[in-house]
Amino acid sequence: MLDTIPRMARVKAILQENEIVKTFVLDITVGAEPGQFVNVWIPRVDEKPFSVAYDDGHELHLAIAAVGDFSRKMHDLKVGDKVGIRGPFGSKFKVAKRMAFLGGGYGAAPLYFFAKSAKDSQIDFIVGARSKNYLLYTDRISKLENVTLHIATDDGSVGSKGYNTEVLKTVLASGGIDCVYTVGPEIMMYKAAMMAKEAGIDAQISMERYMKCGFGVCGNCCVDGSGVPTCVAGPVMDLAEVLKIEDFGKYHRNNLGKKINF
Amino acid sequence: MADLSVEFCGVKFKNPIVLASGILGVTGDSMAQVVRNGAGGVTTKSLWPHEHLGHANPTIISTQNWMLNAVGIPDGGPEKAAEEIARYRKAVSAPLIANIVGGVMDDYEAIARAVVLMNPDIIEINISCPNVEDELGKPMACSISKSAEVTRRVRSIVGQIPLIVKLSPNVENIVSIAKSVMDAGADGVTAINTVGPGMAIDIDSAQPILANKSGGLSGPAIKPLAVKYVYDIYKNLKCPIVGTGGVLTGRDAIEMMMAGATLVGVGSAVWYRGQDVFGKIVAEMDEWCDANGVKKIQDLIGKVHA
């Protein structure tokens with residue numbers, strides 16, 4: 001990468017995906033590959049990292065849930081507004097033949113990007129949400145030919161009732177899966193990683209820690225155990241690497257580096 | 001294979017490359033990772049006597065020639081620091097330099113008292129971060145009397161622990177500041193902190209890119225300045241120096257040592273060459289020494305003055 005200077009991009013379209021998530025379509029490409037992230041800058045406000053939901057060499061898609069101060073500011077943006085983008089940062093998903101995807105929260109979006117690019121693989125794609133109105137990208141995912149979509153909602157309003165990890169357990173039990181891929185809340189990813197470990201198969205986990213610079217300098221996103229910065233050693237890490245992280249499934253750190261339990 | 005070990009203020013380092021303060025260094029395990037990647041020692045991020053918020057993002061930007069940062073010295077306070085330093089000690093045995101900072105004189109005394117209990121090998125005083133100018137007050141790093149006073153006060157608290165002061169290049173005469181802190185009881189100096197502050201503006205939004213608007217300049221662009229300041233300080237004072245500023249390669253590190261540095265700080269280079277840059281630099285120094293018949297790297301310190 002030649003520099004880490006943000007470039008201004010115009011919002012071309014905004015798609016309301018569910019009650020809390022909007023997809024922002026930007027008129028820029030950063031050549032991102034599935035699993036990577038970009039830093040999104042709103043001048044005079046802040047800058048935060050977001051997983052790439054799609055980058056086809058022409059436009060960049062970001063699926064953003066309004067859950068904090070910055071993401072709510074993102075949701076106030078209108079078509080034609082500009083944001084700064086820098087990246088892509090971090091590691092990518094590595095493809096396997098038969099893959100099981102487990103996405104919770106916004107996590108279905110980056111996994112959809114990966115599914116779309118992995119045309120030669122067979123994918124069981126499990127999307128979970130608390131209810132029907134919080135499901136993400138299921139319309140897009142269901143159109144992919146190499147994908148079997150499974151839906152789980154906490155309240156049973158659509159798909160199977162209960163945690164999406166229960167669906168993963170069933171998928172793994174039926175056999176044949178080479179690798180589990182998971183993006184979303186860490187407790188969910190922790191369960192998925194343990195299931196993969198138990199089944200004796202590999203997993204790729206998209207680790208989320210408080211990132212500032214995004215390129216391995218500031219140190220805020222370093223994990224305990226291996227000590228590596230998540231922004232360059234991850235976000236996508238394989239099972240062996242994740243099992244070396246002492247805080248995985250237990251705690252993360254805030255902007256001062258102080259521990260916060262999950 | 002040359003002997004790359006050096007002794008700095010009585011502390012033995014297996015090689016002269018140390019992590020500079022402010023890069024990585026938020027956690028004990030991340031500093032241990034730096035040692036596993038080849039560094040001879042590490043410097044913590046600046047430790048405050050209390051929690052201290054940093055700036056909003058963007059905090060760091062970089063090009064092939066320079067890096068600009070205004071992270072704002074965020075810190076979780078002494079309790080967190082003690083826990084992280086203990087973690088570091090459990091993981092590796094390389095020396096640790098605890099960098100301390102404050103907003104006012106009393107802060108420096110308070111953090112000095114706290115940090116002594118963490119058993120650092122060396123204490124480094126940060127009097128010179130340019131991106132928290134309002135709080136630290138520009139005068140401290142620039143004033144001979146205040147630099148000396150903070151050194152004297154910390155010295156009286158830390159006893160026999162080696163004490164060094166990290167100097168700002170953004171002063172009229174760095175040698176006189178170095179002399180004042182040495183006279184006030186410092187055992188050595190670190191030169192240089194970031195330069196500036198500088199600014200980069202995004203012309204498409206007509207806004208400075210850093211949330212703090214301006215930030216400290218580091219990276220390859222500042223290396224010639226750092227080499228000259230280290231050269232000047234060594235020439236006049238012959239004191240132990242941590243030379244830091246724009247070092248990316250083994251040749252850069254040797255250049256810094258020839259100017260007068262005993263230890264060489266490496267920071268921004270983790271972006272330019274990756275997390276394993278420390279080991280790469282050490283290997284390059286070793287190769288250069290072998291190719292040039294240098295048996296002990298310690299012999300290169302201040303060589304240009306001979």
Side-chain angles (χ1 to χ4, degrees), chain A residues 1-10 28 39-49 69-70 81-86 89 209-233 244-247 251-260, chain B residues 19 22-37 45 48 51-69 71 74-77 79-81 83-84 87-88 91 200 202-211 218 267-271 274-275:
Chain A
M1 189 175 289
L2 285 173
D3 66 51
T4 60
I5 305 286
R7 279 168 182 83
M8 296 310 285
R10 195 177 142 270
I28 194 174
N39 279 6
V40 181
W41 174 46
I42 305 178
R44 292 196 222 226
V45 176
D46 206 343
E47 182 200 48
K48 295 282 179 190
D69 292 343
F70 184 85
D81 287 346
K82 287 179 172 177
V83 291
I85 298 291
R86 50 182 182 153
F89 297 126
R209 288 292 179 269
Y210 197 113
M211 294 174 186
K212 290 179 182 173
C213 70
F215 44 91
V217 175
C218 78
N220 207 85
C221 69
C222 290
V223 291
D224 282 349
S226 58
V228 297
T230 308
C231 65
V232 292
K244 285 189 256 171
I245 299 176
E246 285 180 25
D247 36 318
Y251 61 90
H252 58 111
R253 289 173 187 264
N254 68 7
N255 57 338
L256 302 181
K258 296 189 83 170
K259 295 174 185 174
I260 297 168
Chain B
L19 173 70
I23 307 291
L24 300 168
V26 176
T27 66
D29 285 3
S30 75
M31 291 186 287
Q33 186 229 184
V34 168
V35 172
R36 285 194 293 269
N37 279 330
K45 279 210 174 202
W48 290 86
E51 279 192 16
H52 188 260
L53 277 174
H55 299 309
N57 249 359
T59 48
I60 310 180
I61 56 176
S62 55
T63 72
Q64 288 300 299
N65 306 312
W66 50 261
M67 188 174 277
L68 204 56
N69 93 81
V71 182
D75 184 42
E79 201 180 315
K80 182 218 161 225
E83 187 184 332
E84 299 303 334
R87 287 275 309 197
Y88 171 84
D202 172 63
I203 62 168
D204 297 312
S205 60
Q207 292 292 325
I209 301 171
L210 294 178
S218 64
S268 307
V270 298
W271 179 68
Q275 298 288 311

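Here the structure is a predicted model, which means the values were calculated and not measured. Labels below follow one simple rule: chain letters A, B, ... track the order of the sequence lines, proteins then strands, and each chain is numbered from 1.
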(request) Please identify each residue that fulfils salt bridge (charged side-chain N to carboxylate O under 4.0 Å, His left out) with B:Lys80, with sequence neighbours left out. (result) none

(request) May I ask you to say whether A:Lys258 pairs ionically with B:Glu83, meaning some side-chain N is under 4.0 Å from a carboxylate O? (result) no

(message) Is there a side-chain contact (heavy atoms from CB on, under 4.5 Å) between A:Glu47 and B:Thr59? Walk through the geometry before answering.
(response) CA-CA 9 Å; A:Glu47 182 200 48; B:Thr59 48; over 6 Å; no

(request) Go through the atoms of B:Gln64 and report whether side chain, backbone, both or neither lie under 4.5 Å from a heavy atom of chain A. (result) both

(request) Give, as side chain, backbone, both or neither, the part of B:Leu53 having an atom under 4.5 angstrom from any heavy atom of chain A. (result) both

(request) Enter the distance from B:Met31:CE to A:Cys222:SG here, rounded to the nearest 0.5 Å. (result) 10.0 Å

(message) Can you tell me which portion of A:Val217 sits under 4.5 Å from chain B's heavy atoms? Options are side chain, backbone, both or neither.
(response) both

(request) Select, from A:Gly227, A:Ala233, A:Gly257, A:Gly214, the one with the greatest count of heavy-atom pairs under 4.5 Å involving chain B. (result) A:Gly227

(request) Write down the atom of B:Pro208, the atom of A:Trp41, and the distance for their closest heavy-atom approach. (result) O-CZ2, 3.6 Å

(message) Which atoms of B:Ser62 are under 4.5 Å from chain A, going by heavy atoms: the side chain, the backbone, both sets, or neither?
(response) both

(message) With a 4.5 Å cut-off on side-chain heavy atoms, are A:Phe215 and B:Ile60 touching?
(response) yes

(message) Quick check for you: among A:Gly216, A:Gly84, A:Cys213, A:Pro43, which has the greatest number of heavy-atom pairs under 4.5 Å with chain B?
(response) A:Gly216

(request) Over all heavy atoms of both residues, which pair between B:Ser205 and A:Met8 is shortest? Give the atoms and the distance, please. (result) CB-CE, 3.8 Å

(request) Measure B:Asp202 against the heavy atoms of chain A and call it side chain, backbone, both or neither at under 4.5 Å. (result) side chain

(request) Starting at CG of A:Asn254, measure out to CD of B:Glu51 and round the result to the nearest 0.5 Å. (result) 7.5 Å

(request) Using a cut-off of under 4.5 Å on heavy-atom pairs, state which of B:Gly267, B:Ala200, B:Gly76 scores highest against chain A. (result) B:Gly76

(message) If you compare all heavy atoms of A:Gly225 against all heavy atoms of B:Arg36, which two are closest, and at what distance to 0.1 Å?
(response) O-NH2, 3.7 Å

(message) Would you say that A:Arg253 contacts B:Thr27 through its side chain, given a criterion of any heavy-atom pair below 4.5 Å between the two side chains?
(response) yes

(request) Decide, yes or no, whether a salt bridge links A:Lys259 with B:Glu79 under the criterion of side-chain N to carboxylate O below 4.0 Å. (result) no

(message) To check you understand the geometry: which heavy-atom pair defines the closest contact between B:Trp271 and A:Asp3, and what is its length?
(response) CH2-CA, 3.9 Å

(message) Side chains of B:Pro74 and A:Asn255, heavy atoms from C-beta outward: is any pair under 4.5 Å?
(response) no

(message) Within the structure provided, determine whether B:Ile209 and A:Pro6 are in side-chain contact (heavy-atom separation under 4.5 Å).
(response) yes

(message) Measuring only between side-chain heavy atoms, which start at C-beta, is B:Arg87 closer than 4.5 Å to A:Glu246?
(response) yes

(message) Let's test your reading of the structure: which of A:Asn220, A:Val228, A:Val45 forms the most heavy-atom pairs below 4.5 Å with chain B?
(response) A:Val228

(request) Report, as yes or no, whether the 6.0 Å neighbourhood of atom CD1 on A:Ile260 holds more than 12 heavy atoms from other residues, nucleotides or ligands. (result) yes

(message) Is B:Met67 in contact with chain A via its backbone, its side chain, both, or neither, using a 4.5 Å heavy-atom distance?
(response) side chain

(request) Check whether any side-chain heavy atom of B:Gln33 sits under 4.5 Å from a side-chain heavy atom of A:Pro229, and report yes or no. (result) yes

(message) Test your reading of the model: is there a side-chain donor-acceptor pair from B:Asn57 to the backbone of A:Lys48, 3.5 Å cut-off?
(response) no

(request) Identify which part of A:Arg7 has an atom lying under 4.5 Å from any heavy atom of chain B, answering side chain, backbone, both or neither. (result) neither

(message) Quick check: do A:Val223 and B:Asp29 have side-chain heavy atoms less than 4.5 Å from each other?
(response) no

(message) Is there a side-chain contact between A:Leu2 and B:Thr63 in this structure, where contact means two heavy atoms from C-beta onward sitting under 4.5 Å apart?
(response) no

